Each structure stands twice: as C-alpha cells, then as structure tokens.
Amino acid sequence: MKDLIYQVSILLQGMWKYRRLGVVVAWLVALLGATGVLLMPDRYEASTRVYVDTQSILRPLMAGLAVQPDVEQQMAMLGRTLISRPTVEKVIAQAGLDAKVQNPAERAALIDQVSKAIQVRSTGRDNFFTLAYRGEDPQKSLVVVQSLLDIFMANNQGSGKTDTDSARKFIEEQIKNYEAKL
C-alpha cells in the first residue's frame with residue numbers, strides 16, 4: 001500500500017512541476033481540435049419512418065399455392081428497389097439536384113453520390129423502416145427524402161391496386177369453378 005501511495009505522490013509532484021507545460025499543450029490540442037471541427041463541412045440528415053404493410057391481399061388467398069417471402073426479404077427487396085438507378089434519377093429530377101450537371105459523366109457521378117447518401121434501414125420492429133438522406137443543404141436533404149417517400153407511396157399504391165385486381169380475378173375464377181361444379 002505504501003508503494004502505491006509513494007507512486008501516486010511522485011506522479012502528482014511531476015504533474016505539479018510541469019503544470020505550465022501541461023496547460024500549454026492542452027490549449028494547443030483544444031485549439032487544433034476546434035479549428036478542425038470548424039473546417040468540417042456541415043452535414044444535414046433528413047429522415048422519415050414508414051410503415052409498410054407487407055401482408056399482401058393475395059397472401060390468404062394463395063396459402064399453400066405459392067411461397068411468400070418473409071418480412072426481412074421483403075425489406076431487402078424494398079431497399080434495393082428504392083435505391084435503384086431509375087428511382088434515384090427520379091429523385092434527382094424531383095429534388096432539382098441536377099441543375100448544375102452539364103455532361104453525362106457529372107450526371108453519373110451525381111447518381112452514385114445520391115445512391116450512397118440514401119439509406120434504407122429497418123427500425124427493428126416489424127414492417128417499420130427509415131428512409132434517410134445526408135447532404136450539405138438542409139432543404140435539399142428534406143426534398144430528397146420527400147421525393148423518396150412520394151415515389152415509394154406511388155409504387156405501393158400501384159401494387160396494392162394490382163394485388164386487389166388479382167385477388168378479385170382469383171375469387172371470380174373460384175366462384176365460376178364452384179358454380180360449374182354445382
């Protein structure tokens with residue numbers, strides 16, 4: 001125990017002896033860190049949480065007839081669909097990000113940049129996921145996320161109508177089959 005106290009007292013004596021040097025070094029590190037933080041560009045992230053009803057209307061009707069993908073596979077497919085090139089091109093056009101683009105090479109670079117900045121994450125709860133975009137302009141970040149959400153909603157409304165029509169046709173065929181049997 002005496003050795004520990006002796007070591008601590010020597011350490012404290014050394015700290016007291018070089019206190020001015022320690023303060024100068026701490027201030028230099030703080031100033032360099034503050035300068036580094038001030039020189040970093042501002043980054044803004046806009047995000048939204050979306051509930052997706054992955055249970056199709058056809059699922060109960062097609063029970064035993066077709067294999068339905070699980071929720072994780074559906075979320076993965078959804079993420080790939082939202083970050084596909086045609087979708088990103090629509091988002092860029094709707095958000096006005098292509099105003100300064102002058103040639104196809106710049107456009108391709110912009111598409112790659114936006115594709116990397118868009119994130120589709122599962123929130124851990126079933127059927128909830130987050131759409132996020134991180135950029136240097138807060139308004140453009142918000143517009144990109146809103147465009148993504150609009151495109152997603154339009155795609156889902158179309159697929160919901162298709163599912164409803166398919167379910168209606170399936171039920172009508174079943175009714176005709178039962179009428180013929182009766």
Side-chain angles (χ1 to χ4, degrees), residues 26-59 62 66-170:
W27 271 101
L28 285 175
V29 169
L31 288 174
L32 287 174
T35 303
V37 169
L38 289 174
L39 292 177
M40 289 174 55
D42 293 334
R43 303 293 286 175
Y44 299 94
E45 181 175 305
S47 65
T48 184
R49 274 187 14 191
V50 179
Y51 173 78
V52 179
D53 185 14
T54 57
Q55 302 297 322
S56 171
I57 294 173
L58 290 176
R59 184 174 220 158
M62 302 300 272
V67 177
Q68 294 288 332
D70 65 353
V71 175
E72 292 172 10
Q73 289 174 331
Q74 290 173 345
M75 291 295 200
M77 287 188 291
L78 179 66
R80 284 192 301 270
T81 303
L82 277 176
I83 304 179
S84 67
R85 187 174 180 94
T87 304
V88 172
E89 287 175 349
K90 285 181 191 176
V91 167
I92 288 172
Q94 287 181 0
L97 297 176
D98 58 353
K100 296 179 182 177
V101 174
Q102 297 178 358
N103 58 39
E106 288 179 0
R107 184 165 185 79
L110 178 65
I111 290 170
D112 288 340
Q113 176 192 2
V114 171
S115 296
K116 290 177 184 174
I118 293 173
Q119 297 177 352
V120 180
R121 301 182 296 254
S122 176
T123 60
R125 296 177 60 190
D126 288 342
N127 302 337
F128 279 101
F129 70 98
T130 302
L131 294 174
Y133 176 78
R134 187 173 292 188
E136 295 178 3
D137 183 15
Q139 284 302 107
K140 287 187 179 180
S141 296
L142 186 62
V143 170
V144 167
V145 170
Q146 184 63 45
S147 298
L148 270 173
L149 186 61
D150 291 343
I151 290 169
F152 173 72
M153 297 284 284
N155 289 346
N156 274 353
Q157 287 174 349
S159 66
K161 186 175 182 331
T162 304
D163 286 347
T164 303
D165 292 341
S166 298
R168 181 177 293 127
K169 288 177 184 177
F170 178 77

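Keep in mind that this is a model prediction, so the values were computed, not measured. All values below were derived from every heavy atom in this structure, side-chain atoms included, with hydrogens, water molecules and symmetry-related copies excluded.
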What pair of heavy atoms forms the shortest contact from [X] to [Y], and how long is it?
X    : Y    : result
R107 : V101 : N-CG1, 3.5 Å
S141 : Y133 : CA-CD2, 3.6 Å
L97  : L110 : O-CD2, 3.6 Å
E136 : R43  : CG-NH1, 3.3 Å
A46  : V145 : O-CG2, 3.2 Å
V144 : A95  : CG2-CB, 3.8 Å

So how far is it from [X] [atom1] to [Y] [atom2], rounded to the nearest 0.5 Å?
X    : Y    : atom1 : atom2 : result
Q139 : Y44  : CD    : OH    : 10.5 Å
I92  : I111 : CD1   : CD1   : 5.0 Å
M153 : Q146 : CE    : CD    : 9.5 Å
L142 : K140 : CG    : NZ    : 13.0 Å
Q119 : T130 : CD    : OG1   : 9.5 Å
M40  : D42  : CE    : CG    : 9.0 Å

Side chain to side chain contact (heavy atoms under 4.5 Å, CB included) between E106 and N103, worked out: CA-CA 6 Å; E106 288 179 0; N103 58 39; 3.2 Å; yes
